[in-house]
Amino acid sequence: MNVTVNASLDEDVGVAGGTLTVDLRALRDNYSNLVRRSAQAITAAVVKADAYGLGAAQVSRVLYADGCRTFFVAHFVEAVRLRPTLPRDAAIYVLNGLQPGNEAIAAKAGVVPILNSAVQARNWLATARTLDITLPAAIQADTGMSRLGMAEQEVAEVLRLPGFRERLEIKYLLSHLACADDHTNVLNQKQLEAMSRVAAMLPDIPVSFANSGGIFLGGDYLGALTRPGISLYGGAATSGHPNAMKPVVRLGVRVIQVRTVPAGTAVGYGGAHVTAREARLATISAGYADGLPRNLGNGGAAYYGDIRLPIVGRVSMDSLSIDVTSLPANTLSLGSQVELIGPHQSLEQIADAADTISYEILTRLGQRYRRNYIQS
Ligand SMILES: *Cc1c(COP(=O)(O)O)cnc(C)c1O
């Protein structure tokens, strides 16, 4: 017997264990909101890690249509994948810079590296010489994060490299804020001061400083080019403040089994939950391999309408159990979807419940959901 399977995750059929809805209208609204807040600065889009898990090609395409021409990825491989999906006048910057040996490919592909060290600067300069062309680049200064970028002294050293300003077209001087989500943190002001000192060495080069949190710091933090990521995708940029962004992501997960168990029944790996009374349990079709953190076990929840359905026992790789006793019997059946992210549980709320941040929830969502891109 021949059985042909035509179903794909792109079709509106019950193949996948859950549906990840990406609201491109909300994404675009968030972009225009950030453009407004960026005032005189140009607003780029940070689409690293597959646009925080939402699809770099899809996200970049709609933002390009709305006027965005500057995109940031973290790894060179991401730039190589994104390049063919965007028109040539879109600039793609690689935040982590290039590994030795990738320079010629980057030059040919039209990808712009961030020069994070004197070594990277020398290699890029050598490539420009070899190809006998001028190559674009951005310089990153480390102003207080000690992660990527050059210290003040190293920037000065690089600027003295023979031919540096002739062979390389320096588009931006970048730095990254370590504490931009906390407006009261004194490190923000310290980094701004350090950035001004470095910028004084390159008075003709525009500055790019603000990530999402930096945009909300406003004023001098905005520079000439802002680099929002999380705010585009609906995350909160500033802790302890209401989130001004529209939610972009919804996640619904299917019920794959419902059972009633007596009091004293162990649930899941390790028997980490034992029912205190007779309970109705639903098993849903997503687990930690789908980006639902293990520490949602015995603490997190799903929602059905307004009803909170606690996660009971440990989160398995491919499924987890919720206690649905509070719902009238037969409310949920095979194929019903419960909400993991949506109007009743925001991205921030599920991140809090898992003791992590929205960035980690988004970037781990995984590939097993049906992805539904909508323009609400
Ligand atoms: C990830 C990243 C951003 C975007 O940060 P958000 O907090 O998501 O807005 C901007 N700049 C650099 C250097 C980054 O690594």
### Query
Under the side-chain contact (heavy atoms from CB on, under 4.5 Å) criterion, do T21 and I374 qualify, and how do the steps go?
CA-CA 7 Å; T21 303; I374 61 165; 3.7 Å; yes
Under 3.5 Å donor-acceptor, [X] side chain and [Y] backbone:
X	Y	answer
T238	H241	no
D23	A26	yes
Q345	L340	yes

#### Entry: salt bridge (Lys or Arg N to Asp or Glu O under 4.0 Å) pairs, two or more places apart, involving residues 142-154
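Every salt bridge (Lys or Arg N to Asp or Glu O under 4.0 Å) pair that includes a residue of residues 142-154, provided the two are not neighbours, is E152-R197.
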We want to know whether [X] and [Y] form a side-chain donor-acceptor pair, criterion being a heavy-atom distance below 3.5 angstrom.
X	Y	value
S285	S319	no
R227	S208	yes
H176	N211	no
D182	T184	yes
E193	Q189	yes
T127	E103	no

### Task
Name all pairs fulfilling the ring pair (Phe, Tyr, Trp, His ring centres under 6.0 Å) condition that reach into residues 64-83, sequence neighbours left out, sorted by first residue then second.
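Checked against ring pair (Phe, Tyr, Trp, His ring centres under 6.0 Å) - neighbours excluded - the pairs reaching residues 64-83 are F72-Y93.
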### Query
Among pairs that include at least one residue of residues 284-310, which meet ring pair (Phe, Tyr, Trp, His ring centres under 6.0 Å), considering only residues two or more places apart or in two chains?
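Every pair satisfying ring pair (Phe, Tyr, Trp, His ring centres under 6.0 Å) with a residue in residues 284-310: there are none.
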### Query
Listed by chain and number, what are the side-chain hydrogen bond (donor to acceptor under 3.5 Å, both in side chains) partners of D181, not counting sequence neighbours?
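D181: no side-chain hydrogen bond (donor to acceptor under 3.5 Å, both in side chains) contacts found.
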[X] atom [atom1]: more than 12 heavy-atom contacts under 6.0 Å:
X	atom1	value
Q99	CD	no
R294	CZ	no
N330	CG	no
D66	CG	yes
R167	CZ	yes

### Query
Are any non-hydrogen side-chain atoms of Q375 and R28 less than 4.5 angstrom apart?
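Q375 vs R28: side chains touch.
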### Message
Restricting to side chain to side chain contact (heavy atoms under 4.5 Å, CB included), what partner residues turn up for A104, sequence neighbours left out?
### Response
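A104 satisfies side chain to side chain contact (heavy atoms under 4.5 Å, CB included) with no other residue.
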### Task
Please step through side-chain contact (heavy atoms from CB on, under 4.5 Å) for the pair I284 and I322, ending with a clear verdict.
CA-CA 8 Å; I284 66 170; I322 52 179; 3.8 Å; yes
### Query
Yes or no on salt bridge (Lys or Arg N to Asp or Glu O under 4.0 Å) for R368 and D318, after CA distance, side-chain angles and deciding distance?
CA-CA 10 Å; R368 292 198 293 192; D318 315 294; 2.9 Å; yes
For residues 44-59, please give each side-chain donor-acceptor pair under 3.5 Å, one per line with the distance, not counting sequence neighbours.
unit_1	atom_1	unit_2	atom_2	d
D50	OD1	A56	N	2.8

### Query
Just how far is it from atom NZ of K246 to atom CG of L232, taken to the nearest 0.5 Å?
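Nearest 0.5 Å value for the NZ-CG distance: 14.0 Å.
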### Query
When rounded to the nearest 0.5 angstrom, what is the spacing between CD1 in I205 and CD in E169?
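Reported to 0.5 Å precision, the distance equals 8.5 Å.
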